[in-house]
Amino acid sequence: MIKKFLETGKIVGTHGVRGMVRVQPWCDDGEFLTQFKYLYTDCEGKNKLKIKSAKPHGNVVLMAIDGVDSIESAEKLRGSVIYIDRKDVKLPEGRYFISDILGCSVYDADTNEILGTLSDVTETGANDVWHIKNNGKEYLVPAIADVIVEVKPEENSVIIKPLKGIFDDED
């Protein structure tokens, strides 16, 4: 399902005494979060945060937020999940958010048979691994060019060429 507001990290603590927060990014890298002027603390975009500055710092992103100018006010944001507005992101052609493909039906490119539903994605470093569920079973499929034929989140479908041995009914 394509959502307007996407989870992209979590405020995990404060930094200094002037209200900066530490954000754990849930995206490819922390640099991605530095491009936004506004972030949100709810999935409907009602609680808007105006970002004054953001910079990667190790495995977190340090952010200064308009109106948050003390450690006490920053502490109130600890634990908040942060969201981005999809309209603020320009993805290259052929790229998509993981949340857009979760729940998609997965089809075999050769037979058009439904193989299951994409239920999870594990990021391994070398390549992502897609979890496909079907009739109570889970199959792990490498998200590599030899396997992934077409991803169509707007149609709620993914087409793959499964490797031999992944699905039970193959030789």
Side-chain angles (χ1 to χ4, degrees), residues 1-106 116-133 138 141 143-144 148 150-160:
M1 179 171 83
I2 297 182
K3 300 175 185 173
K4 180 170 171 48
F5 293 94
L6 306 168
E7 291 183 7
T8 191
K10 183 176 185 177
I11 298 175
V12 294
T14 62
H15 182 79
V17 295
R18 297 187 183 187
M20 289 189 81
V21 296
R22 292 183 299 120
V23 175
Q24 176 187 28
W26 295 346
C27 43
D28 289 344
D29 64 33
E31 190 67 37
F32 177 77
L33 289 181
T34 65
Q35 68 180 309
F36 298 97
K37 292 180 182 176
Y38 298 98
L39 296 173
Y40 305 84
T41 59
D42 67 296
C43 63
E44 297 172 351
K46 294 178 182 172
N47 300 316
K48 184 189 267 190
L49 302 175
K50 182 177 182 184
I51 307 304
K52 295 193 300 189
S53 69
K55 66 178 180 175
H57 182 75
N59 63 344
V60 297
V61 177
L62 301 179
M63 289 188 180
I65 301 168
D66 192 40
V68 179
D69 54 7
S70 69
I71 193 167
E72 293 81 13
S73 57
E75 190 63 43
K76 291 177 184 174
L77 293 172
R78 183 191 297 264
S80 298
V81 172
I82 58 169
Y83 297 79
I84 58 172
D85 188 334
R86 176 183 299 278
K87 72 173 177 56
D88 295 335
V89 181
K90 301 290 183 246
L91 288 178
E93 184 71 29
R95 297 285 308 255
Y96 45 83
F97 293 105
I98 290 173
S99 65
D100 292 344
I101 62 171
L102 294 177
C104 282
S105 297
V106 180
T117 302
L118 185 61
S119 63
D120 199 7
V121 175
T122 300
E123 299 176 68
T124 66
N127 58 268
D128 290 351
V129 175
W130 290 1
H131 300 241
I132 299 172
K133 287 194 176 177
E138 182 177 66
V141 175
I144 57 175
I148 309 305
E150 192 170 13
V151 178
K152 301 188 274 186
E154 65 284 349
E155 295 178 23
N156 199 36
S157 71
V158 174
I159 302 169
I160 68 170

Original post:
Would you call K133 and D120 a side-chain contact if the rule is heavy atoms closer than 4.5 Å?
Top reply: no

**OP:** Drop me the distance from I71's CD1 to H15's NE2, to the nearest 0.5 angstrom.
**Re:** 10.5 Å

Original post:
Given side chains that start at C-beta, do those of I132 and I160 come closer than 4.5 Å, heavy atoms only?
Top reply: yes

Original post:
Any side-chain heavy-atom pair from C104 and V106 closer than 4.5 angstrom?
Top reply: no

Original post:
Is the closest side-chain heavy-atom distance between D85 and F36 below 4.5 Å?
Top reply: no

Subject >> Close side-chain approach of V89 and F97, heavy atoms under 4.5 Å >> reply: yes

Original post:
Given T124, which of D128, T122, V121 fulfils the side-chain contact (heavy atoms from CB on, under 4.5 Å) condition?
Top reply: T122

Original post:
What's the spacing between I82 CD1 and I51 CD1 if we round to 0.5 Å?
Top reply: 7.0 Å

Original post:
So does R18 have more than 12 non-hydrogen atoms from other groups sitting under 6.0 Å from CZ?
Top reply: no

Original post:
Taking all non-hydrogen atoms of both residues, which atom of A64 and which atom of M20 are closest, and how far apart?
Top reply: N-CE, 4.1 Å

Original post:
For the atom pair NE2 (H131) and CG (L102), what is the distance rounded to the nearest 0.5 Å?
Top reply: 10.0 Å

Original post:
Is there a donor-acceptor pair under 3.5 Å between the side chain of R22 and the backbone N or O of L62?
Top reply: no

Original post:
Are more than 12 heavy atoms from other residues, nucleotides or ligands located less than 6.0 Å from atom NZ of K4?
Top reply: yes

Original post:
Roughly how far apart are L91 CG and E93 CD, rounded to 0.5 Å?
Top reply: 10.0 Å

Original post:
Nearest heavy-atom pair of V21 and A74: which atoms, and what distance?
Top reply: CG1-CB, 3.8 Å

Subject >> Shortest non-hydrogen contact from S80 toward T41 >> reply: CB-CG2, 4.2 Å

**OP:** Go through the structure and list residues passing salt bridge (Lys or Arg N to Asp or Glu O under 4.0 Å) with K46, not counting sequence neighbours.
**Re:** E44

Subject >> Worked verdict on E123 versus I98 for side chain to side chain contact (heavy atoms under 4.5 Å, CB included) >> reply: CA-CA 10 Å; E123 299 176 68; I98 290 173; 3.9 Å; yes

Original post:
In this structure, which one of R86, R95, K3 forms a salt bridge (charged side-chain N to carboxylate O under 4.0 Å, His left out) with D100?
Top reply: R86

Original post:
For G45 and F5, which heavy atoms make the closest approach, and how far apart are they?
Top reply: CA-CZ, 3.4 Å

Subject >> Under 3.5 Å: donor-acceptor pair, side chain of T14, backbone of E75 >> reply: no

Subject >> K52, NZ atom: more than 12 neighbouring heavy atoms under 6.0 Å >> reply: yes

**OP:** Could you tell me the separation between the OG atom of S105 and the CD atom of E155, rounded to the nearest 0.5 Å?
**Re:** 11.5 Å

Original post:
Given side chains that start at C-beta, do those of V81 and W26 come closer than 4.5 Å, heavy atoms only?
Top reply: yes

Subject >> E138 to S119 - nearest heavy-atom pair and separation >> reply: OE2-OG, 4.0 Å

Original post:
Hey, what do you get for OH (Y40) to CG (L6), rounding to the nearest 0.5 Å?
Top reply: 11.5 Å

Original post:
Which atoms form the tightest heavy-atom contact between L33 and P25, and what is the distance?
Top reply: CD1-CB, 3.8 Å

Original post:
Is there side-chain contact between V23 and L39, with heavy atoms separated by less than 4.5 Å?
Top reply: no

Original post:
Would you say N47 and L49 make side-chain contact, with heavy atoms under 4.5 Å?
Top reply: no

